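Every heavy atom of this structure was used, including side-chain atoms; hydrogens, water molecules and symmetry mates were not. Everything numeric here is computed off the predicted structure, so don't read it as measured data. Heads up: numbering here begins at 1 and tracks the sequence.
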Amino acid sequence: MKKLITTLLLTALLAVTLAGCGGSDKNTGYPNEDGIAEGGLGDTMHSCFFDFTVNSAYLCRDFDEYSTDEGWIFLAAEVTVKNTFGEALPMFDTDFMVKWGSESDYPCYFEDDVIDGLMPVEYELAKDDSLTSTLLFVVPDDQTSFTVSYMEVFEDDTTGDTFNVTFTAKEK
């Protein structure tokens, strides 16, 4: 009997331990009751228009032939966007913003399509299509923690849910 109780206790302890350690939160990427979804690198965020994943991110002093001013550095974030809306979507690189510390959101760095591989300034994403490209931001060179955000905006200019992907980036 004593052996059975010990076995049951050990089994229960193991189940509780594994429940606390394993897997990602099933609600990651979906908005909570406040309309905010939180995730990290590799988490798929689910807006009403598209899914997106920030696959990776790094800091760099130069990107292609471009460099930043003193005190600033590039943040390059590879993002995959998949249209789940059911019809073609007009998209913009400025749909995604970056922030750090207590700073507000800042848009992408380039105003023109100047470098292959960067997310186009403006593009159309066909039904069920996806695009993997790089968002390029200029950020202070003393920062390593960032949040890339997307906020749903509807045709009548009202806003919906906000999706935040928070991560730490290292210089490459």
Given T84 and F49, is the side chain to side chain contact (heavy atoms under 4.5 Å, CB included) satisfied, shown in steps?
CA-CA 6 Å; T84 58; F49 301 112; over 6 Å; no
Distance from [X] atom [atom1] to [Y] atom [atom2], nearest 0.5 Å?
X	Y	atom1	atom2	result
T94	Y150	OG1	OH	11.0 Å
D93	Y123	CG	OH	8.0 Å
E152	D161	CD	CG	4.5 Å
F163	Y30	CZ	OH	10.0 Å
L118	D116	CG	CG	8.5 Å
T166	K99	OG1	NZ	8.0 Å

Shared hydrophobic cluster, [X] / [Y] (ILVMFWY, side-chain heavy atoms < 4.5 Å):
X	Y	value
M151	V81	no
Y66	W72	yes
F154	M91	yes
M97	L41	no
F85	F50	yes

Is the NZ or CZ atom of K172 positioned over Y58's six-membered ring, under 6.0 angstrom from the centre and within 45° of the axis?
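The answer is yes, since K172 meets both limits relative to Y58.
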Show the nearest heavy-atom pair for residues [X] and [Y], with the distance to one decimal.
X	Y	result
H46	P31	O-CD, 4.3 Å
A77	V54	CB-CG1, 4.3 Å
I73	P140	CG2-O, 3.9 Å

Would you sort out whether D156 and T158 count as a side-chain hydrogen bond (donor to acceptor under 3.5 Å, both in side chains), showing the intermediate values?
CA-CA 6 Å; D156 64 359; T158 59; 2.6 Å; yes
Could you check if a side-chain atom of [X] sits within less than 4.5 angstrom of a side-chain atom of [Y], using non-hydrogen atoms only?
X	Y	answer
E78	T132	yes
L89	E124	no
L131	L125	yes

For the residue pair S130 / T80, report whether a side-chain donor-acceptor contact shorter than 3.5 Å exists.
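S130 and T80 do not have a side-chain donor-acceptor pair below 3.5 Å.
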Let's go through V139 and F74 carefully: what are the C-alpha distance in whole Å and the side-chain angles of both, what is the deciding distance for side chain to side chain contact (heavy atoms under 4.5 Å, CB included) to 0.1 Å, and is it a yes or a no?
CA-CA 6 Å; V139 297; F74 287 117; over 6 Å; no
Among Y106, F137, F52, which residue meets the ring-ring contact (aromatic ring centres under 6.0 Å, His included) test with F96?
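Single pass found, and it is F52.
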Carefully, step by step, assess M45 and V165 under the rule side chain to side chain contact (heavy atoms under 4.5 Å, CB included).
CA-CA 8 Å; M45 309 304 281; V165 176; 3.7 Å; yes
Kindly write out the residues that satisfy side-chain hydrogen bond (donor to acceptor under 3.5 Å, both in side chains) with N164, not counting sequence neighbours, or none if the list is empty.
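So N164 forms a side-chain hydrogen bond (donor to acceptor under 3.5 Å, both in side chains) with E38, S149.
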Step by step, would you call F146 with L75 a side chain to side chain contact (heavy atoms under 4.5 Å, CB included)?
CA-CA 9 Å; F146 303 96; L75 170 64; 3.8 Å; yes
Quick one: which residue pairs count as a side chain to side chain donor-acceptor pair (under 3.5 Å) with a foot in residues 133-146, not counting sequence neighbours?
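Qualifying pairs: R61-D141.
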Count the heavy atoms belonging to other residues, nucleotides or ligands that lie under 6.0 Å from CG of N32, then report whether that count exceeds 12.
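Correct, the count exceeds 12.
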Please check if the side chain of K127 supplies one atom and the backbone of N83 the other of a donor-acceptor pair under 3.5 Å.
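Here the side-chain-to-backbone pair does not exist.
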